There are 2 protein chains.
Amino acid sequence: MSTSIATDHSTRDRIAAAAAPLFADRGFAGVSVRDIADAVGIKAASLYNHYADKEALYFAVLALVFSRRAALVEDALKATGTPRARLKEMVSALVQGTAGDPVAARLLQRELLDGDIRRFERLVGDVFGRPFAHMTALLTELAPGGDGAQTAAYLISLIHGYCVFAPVFPALDPSLTTDTSVLADNLAEELLGRMERPRP
Amino acid sequence: MSTSIATDHSTRDRIAAAAAPLFADRGFAGVSVRDIADAVGIKAASLYNHYADKEALYFAVLALVFSRRAALVEDALKATGTPRARLKEMVSALVQGTAGDPVAARLLQRELLDGDIRRFERLVGDVFGRPFAHMTALLTELAPGGDGAQTAAYLISLIHGYCVFAPVFPALDPSLTTDTSVLADNLAEELLGRMERPRP
DNA sequence: GTGAGACTAACGAACGTTAGTTAGGCTTGG
DNA sequence: CCAAGCCTAACTAACGTTCGTTAGTCTCAC
């Protein structure tokens, strides 16, 4: 209503793109609309030609970043091949989507901190529900005896948690790897190992 | 220097205790000193009789909350008994320290987001370094072939990640459990299973 | 015992700054 | 020519912080 649609490919999107890393780094309250305007190269007041208020801009950023991230995972789940290859592909896409896109990862983490149940439900319904269901389906297919959804939940938790902790690991123990491709390999191998031995 | 020592058990600590859940819920920038003062039942100006500024208060909150949490884990590591029992004790303490103390968990998550390398190093040196080293030692003792530090890192990542995601799980899949004692049991069993089979 | 002086910790008021937001005018591409 | 989009200027509200003051408490010399 208050924002134009015709020029979405232009300034409106540039604003969201510029705001994303700022919100990811410092959070909603930590970023001023003047900061965002500076990053775009316009004045703060001009933002209001494109977004109703700061919150609307924030939600637009979430939609932009998360839809991009969900698409990445979902693409990886379309891969064909041996079960082993498909699982490795999925794990690697998950790791890549988290470690390789810190803006998305940090925004997600902040959303988990600041959001309420309503926001979570919208997030799941809009972007994360589908890839999660597909992950669950793949894991259930590969290990019919186990609980695919639960395994998917553990997998996501571990990957996300690891990427969140990664910056502290060097301080905790210098031998800890921050190479996320190693993480992906370890996780895939671990999952495959569990599947070959049915009862953990 | 700027704050008294003789009355630490009184107002100064009450301020930190009242500020902790606020900072945990809304972050440093999301909480005003007036909010904190209201929670304590004094005026904002009076806070400055006890803390030099808002940031000093924030660091005091971190010290208060994290030292409490680290002590919990370290106590659990002092348990004696069979290796199996000690590991279960440790995992359960880790889960309890995260799921059972959401203020600490959320503050930690925010610190991982907002802190820089210097802050991480101080955090590790002051509180988290010792329990992590003890965890590593226990895991290495129980599975001499494996990499104890790496396993500890995975363990912490998974537990923290799971507790962070827990609020979204019901929206993702109603079958997912948010009962953290189940999580503790699963993790302990999984670790024990891996140790009995040396090479995954 | 009591009053003077030092100290603590509370207060209301105000400081300067920055926040998000709005109004209105200038510029310019279609 | 006109509307879309930028600008300057301004607003109110809230921010962290400082100030001067005051009420209460403790310690002692007298």
Side-chain angles (χ1 to χ4, degrees), chain A residues 1-64 107 110-111 114-115 119, chain B residues 1-64 107 110-111 114-115 119:
Chain A
M1 218 115 312
S2 58
T3 55
S4 78
I5 299 178
T7 61
D8 261 5
H9 50 88
S10 174
T11 307
R12 183 178 159 89
D13 280 5
R14 272 177 48 228
I15 294 170
L22 296 179
F23 281 136
D25 272 354
R26 313 208 293 267
F28 181 81
V31 177
S32 73
V33 294
R34 286 175 177 83
D35 291 336
I36 299 167
D38 284 348
V40 181
I42 60 178
K43 296 297 172 184
S46 304
L47 289 179
Y48 290 84
N49 291 319
H50 303 276
Y51 293 97
D53 55 21
K54 189 189 178 187
E55 200 179 49
L57 166 58
Y58 182 71
F59 287 138
V61 166
L62 291 188
L64 172 72
L107 276 175
R110 295 199 182 275
E111 190 62 12
D114 298 334
R119 297 246 293 264
Chain B
M1 222 110 317
S2 59
T3 56
S4 80
I5 299 179
T7 60
D8 262 4
H9 50 89
S10 173
T11 308
R12 183 179 159 89
D13 281 3
R14 273 177 46 227
I15 293 171
L22 296 179
F23 281 136
D25 272 355
R26 313 208 293 267
F28 182 81
V31 178
S32 74
V33 294
R34 285 175 177 83
D35 290 337
I36 299 166
D38 284 350
V40 181
I42 61 177
K43 295 300 173 182
S46 306
L47 288 180
Y48 290 85
N49 290 320
H50 304 275
Y51 292 97
D53 52 22
K54 187 189 179 188
E55 199 179 50
L57 166 57
Y58 181 70
F59 287 139
V61 167
L62 291 188
L64 172 72
L107 277 176
R110 294 197 183 276
E111 191 60 12
D114 298 333
R119 298 246 292 265

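For the numbers below, each heavy atom of this structure counts, side chains included, while hydrogens, waters and symmetry mates do not. The sequence lines fix the lettering, A, B, ..., with proteins before strands; numbering per chain opens at 1. Nothing here was measured: the structure is a model prediction, and the numbers come from that model.
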Decide, yes or no, whether a salt bridge links B:Asp25 with B:Arg110 under the criterion of side-chain N to carboxylate O below 4.0 Å.
no
Inspect the contact between A:Asp38 and A:Lys43 and indicate whether a charged nitrogen and a carboxylate oxygen are less than 4.0 angstrom apart. no
On the nucleotide [N], are OP1 or OP2 found under 4.0 Å from the side-chain N or O atoms that [X] carries?
{"X": "A:Ser32", "N": "C:dA19", "result": "yes"}
{"X": "A:His50", "N": "D:dA4", "result": "no"}
{"X": "B:Thr11", "N": "C:dA10", "result": "yes"}

Which part of the nucleic acid, if any, lies within reach of [X] when heavy atoms closer than 4.0 Å are counted: base, sugar-phosphate only, or nothing?
{"X": "B:Ser46", "result": "base"}
{"X": "A:Lys43", "result": "base"}
{"X": "B:Val40", "result": "nothing"}

Write down the distance between [atom1] ([X]) and [atom2] ([N]), rounded to a whole number of angstrom.
{"X": "A:Arg14", "N": "D:dG5", "atom1": "CZ", "atom2": "C1'", "answer": "12 Å"}
{"X": "B:Arg12", "N": "C:dA10", "atom1": "CZ", "atom2": "C1'", "answer": "17 Å"}
{"X": "B:Asn49", "N": "D:dT17", "atom1": "CG", "atom2": "P", "answer": "14 Å"}
{"X": "B:Tyr51", "N": "D:dG16", "atom1": "OH", "atom2": "C1'", "answer": "17 Å"}
{"X": "B:Tyr58", "N": "D:dG16", "atom1": "OH", "atom2": "P", "answer": "14 Å"}
{"X": "B:Leu47", "N": "D:dT17", "atom1": "CG", "atom2": "P", "answer": "10 Å"}
{"X": "B:Lys54", "N": "D:dC15", "atom1": "NZ", "atom2": "C1'", "answer": "8 Å"}
{"X": "A:Ile42", "N": "C:dT27", "atom1": "CD1", "atom2": "C1'", "answer": "16 Å"}

Nearest to the side chain of [X], heavy atoms from C-beta on, is which of [options]?
{"X": "A:Tyr48", "options": "C:dA19, C:dT21, D:dC6", "result": "C:dT21"}
{"X": "B:Ala44", "options": "D:dA10, D:dT17, C:dC11", "result": "D:dT17"}
{"X": "B:Ala45", "options": "C:dA10, D:dT18, D:dC7", "result": "D:dT18"}
{"X": "A:Arg34", "options": "D:dT17, C:dT21, C:dA10", "result": "C:dT21"}

Quiz item: Side chain of B:Tyr51, backbone of B:Arg12: donor and acceptor closer than 3.5 Å?
Solution: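 Present.
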Would you say A:Leu57 and A:Val61 make side-chain contact, with heavy atoms under 4.5 Å?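 Yes - at least one pair of side-chain heavy atoms lies under 4.5 Å apart.
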Going by atom types only, do A:Asn49 and A:Ser46 share a side-chain donor-acceptor pair under 3.5 Å? no
